[in-house]
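Read through the structure below, which is laid out as structure tokens, and then see the notes.
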Number of protein chains: 2
Amino acid sequence: MAQSWQDIHKEALRRIHSREWAPDTLIPNEADLAEEFGCSRATVNRALRALAEAGWLERRRKAGTRVARAPQRRAQLAIPLLREEIEARGQRFAHRILSRSRSKMPSPLRAALGLSDDAPVERVQTLYLADGHPFALEDRWVHLSAAPGFETAELEKTSPNEWLVQHAPFSHGTLDYSAAPAGDFEAEQLGCAPGTALLCMQRSTFGPGDHAATLVTTHFAPNHRVRLEI
Amino acid sequence: MAQSWQDIHKEALRRIHSREWAPDTLIPNEADLAEEFGCSRATVNRALRALAEAGWLERRRKAGTRVARAPQRRAQLAIPLLREEIEARGQRFAHRILSRSRSKMPSPLRAALGLSDDAPVERVQTLYLADGHPFALEDRWVHLSAAPGFETAELEKTSPNEWLVQHAPFSHGTLDYSAAPAGDFEAEQLGCAPGTALLCMQRSTFGPGDHAATLVTTHFAPNHRVRLEI
DNA sequence: GACTCAATTATGTCTATACATAAAGTTATT
DNA sequence: AATAACTTTATGTATAGACATAATTGAGTC
């Protein structure tokens, strides 16, 4: 026999695609499959677990394993580090700090992050350039107690985007994409007409202890696309 | 002792967050960690493998395991089934077929999917409604040999979106998001002014054998957002 | 029928052991 | 020096066996 878990993974996926194992029906249990494939139960387990993580199967103790009704495929997006995104296109990366201040955060934003009134917050606006052309405009609020050292960081050398990834790894957060018309400021900085449809990304990240780290709004230059792999 | 792989997973993540294990440095090997935690190497392996899959660690045979320099966090998007997205908001789902024809596919699109000239293709335009209000406008091209039975499917009952998920599960594809101004047709159907910034999703899916299944362009009503979890 | 409690069962996980494999390091050969 | 061949090493994977755990099933009771 000599089966590897990847062989079993492949064969199981084939049966799902060919509807030999139909959606919403139970498949044989691990012990039976192990016997059929001539391998140990652990090997079958490894293969089926991978399929469950990918959304093809649903598994529950005692209840058994069934093919997902509508396979909840998950698209994956590698979180964009702007420098890498630009350099991957073979373009030259650069950034320009437009403003940096310890200003007061508007209440609605503060509430969204669950920050108290007196939480020390710094705001940084940055323009990112690809081959000298505007690529994205970033408006970032950083909660200073979650990112010690940020206040004195030399952001002209290391962009805020990179500084934070390297110094304040976060554990979870959300990413929202929407479309928005360019305001006067965005139009001026990105070099487009006011009202142009721009892809807008809003991202909030939290550190280990559920305390907010940053809130970022990024407007991309016109015609930008985000690609997710399925 | 009595460690489970989840305990080790948690402890390793703590060391990464606390920089006890610094970015871009090697961590002890599995055998040593197994001894430290008082468990078997397989258990350590399970924990470290999970961390590697999540992007925190990079592992290579013989070279060992190192903490990722810039943890490539991956955001996950549960692929949107429009009905579920609308009903999850507590709104009533409905759809209206606007047009359906076996028209010829423009060459640029056909080339993008790698389809031959005479490949049988059907085009369906659908408007999706939430509580009677326009929610999204879908323009879909379906490669008929990849979706047998689609031609005769009663799309008034089951929306194209759902029909295809249930009858032609795909194995991989891409998802592109961008911002686009509403054209006259989109404006009319979605009930907004021409030129309004709309979030636009373009999705191509492929079946098991690399042959294209569908190409979908969806314009969402104004102010729509897509949320990804990190 | 409605409820409680125990028996059953499929998945989840841990262990010890073994061998496979990739890649780095070392030595021998040209 | 460059190259080839061997050794070493850390991860990758397979196995049999055991026990843990969640959830269904069914028996017994009210």
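Reminder, nothing fancy here: chain letters follow the sequence lines and each chain counts from 1. Values below: every heavy atom of this structure, side chains too, minus hydrogens, waters and symmetry copies.
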Exercise. Indicate, with a heavy-atom threshold strictly under 4.0 Å, whether Glu58(A) touches base, sugar-phosphate, or nothing.
Key: nothing

In whole Å, I'd like the distance from the [atom1] atom of [X] to the [atom2] atom of [N].
X	N	atom1	atom2	answer
Glu53(B)	dG12(D)	CD	P	10 Å
Leu48(A)	dG12(C)	CG	P	9 Å
Glu30(B)	dC14(C)	CD	P	14 Å
Arg61(B)	dG25(C)	CZ	C1'	18 Å
Asp32(B)	dA10(D)	CG	P	8 Å
Arg66(B)	dA23(C)	CZ	P	14 Å
Leu33(B)	dT15(C)	CG	P	14 Å
Arg59(A)	dT24(D)	CZ	P	16 Å

[N] phosphate, OP1 or OP2: any side-chain N/O from [X] under 4.0 angstrom?
X	N	answer
Thr43(A)	dT13(D)	no
Asn45(B)	dT13(D)	no
Arg49(B)	dT11(D)	no
Thr65(A)	dT11(C)	yes
Gln6(A)	dG12(D)	no

Self-check item: Candidate pair Glu30(B) and Arg59(B), rule salt bridge (Lys or Arg N to Asp or Glu O under 4.0 Å), full reasoning
Solution: CA-CA 11 Å; Glu30(B) 291 186 352; Arg59(B) 322 194 72 197; 2.7 Å; yes

Output a table of nitrogen or oxygen pairs between the protein and nucleotides 16-19 of chain D separated by less than 3.5 Å.
| residue | atom | partner | partner atom | Å |
| --- | --- | --- | --- | --- |
| dA18(D) | N6 | Arg41(A) | NH2 | 3.4 |

Quiz item: Would Glu20(A) and Arg14(A) satisfy salt bridge (Lys or Arg N to Asp or Glu O under 4.0 Å), going step by step from the backbone distance to the final call?
Solution: CA-CA 8 Å; Glu20(A) 198 168 322; Arg14(A) 190 194 64 73; 3.4 Å; yes

Practice problem: Quick one: do Leu48(A) and Ile27(A) satisfy side-chain contact (heavy atoms from CB on, under 4.5 Å)? Show the steps, please. | Solution: CA-CA 11 Å; Leu48(A) 297 189; Ile27(A) 71 171; 4.3 Å; yes

Practice problem: Quickly, which of Arg66(A), Arg19(A), Arg69(A) forms a salt bridge (charged side-chain N to carboxylate O under 4.0 Å, His left out) with Asp24(A)? Name it, please. | Solution: Arg66(A)

Exercise. Tell me which residues in residues 20-27 of chain A put a heavy atom below 4.0 Å from DNA chain D, sorted by number, or none.
Key: none

Exercise. For His17(A) and Trp56(A), run ring pair (Phe, Tyr, Trp, His ring centres under 6.0 Å): C-alpha distance rounded to whole Å, both residues' side-chain angles, the deciding distance at 0.1 Å, then the answer.
Key: CA-CA 10 Å; His17(A) 281 141; Trp56(A) 291 107; 5.2 Å; yes

Exercise. Between Arg46(B) and Ala63(B), name the one whose nearest nucleotide on DNA chain C is closer to the 5' end.
Key: Arg46(B)

Quiz item: Can you tell me if CZ on Arg96(A) sees more than 12 non-hydrogen neighbours from other groups inside 6.0 Å?
Solution: no

Under 30°, 30 to 60°, or over 60°: which ring-plane class applies to [X] and [Y], parallel, tilted or perpendicular?
X	Y	result
Phe220(A)	His224(A)	parallel
Phe93(A)	Tyr128(A)	tilted
Trp5(A)	His9(A)	perpendicular

Quiz item: Taking the side chain from Asp7(A) and the backbone from Ser4(A), do they hold a donor-acceptor pair closer than 3.5 Å?
Solution: yes

Quiz item: For nucleotides 3-8 of chain D, read 5' to 3', which letter fits each nucleotide if B means a protein heavy atom sits under 4.0 Å from the base, S means only the sugar-phosphate is that close, and - means neither?
Solution: -----B

Quiz item: Regarding Ser145(B) and His143(B), is there a side-chain donor-to-acceptor distance under 3.5 Å anywhere?
Solution: yes

Quiz item: Starting at the 5' end of DNA chain D and moving along, which residue's nearest nucleotide shows up first, Trp5(A) or Arg60(A)?
Solution: Trp5(A)

Practice problem: State, yes or no, whether a side-chain contact exists between Met201(A) and Leu175(A) at a heavy-atom distance under 4.5 Å. | Solution: yes

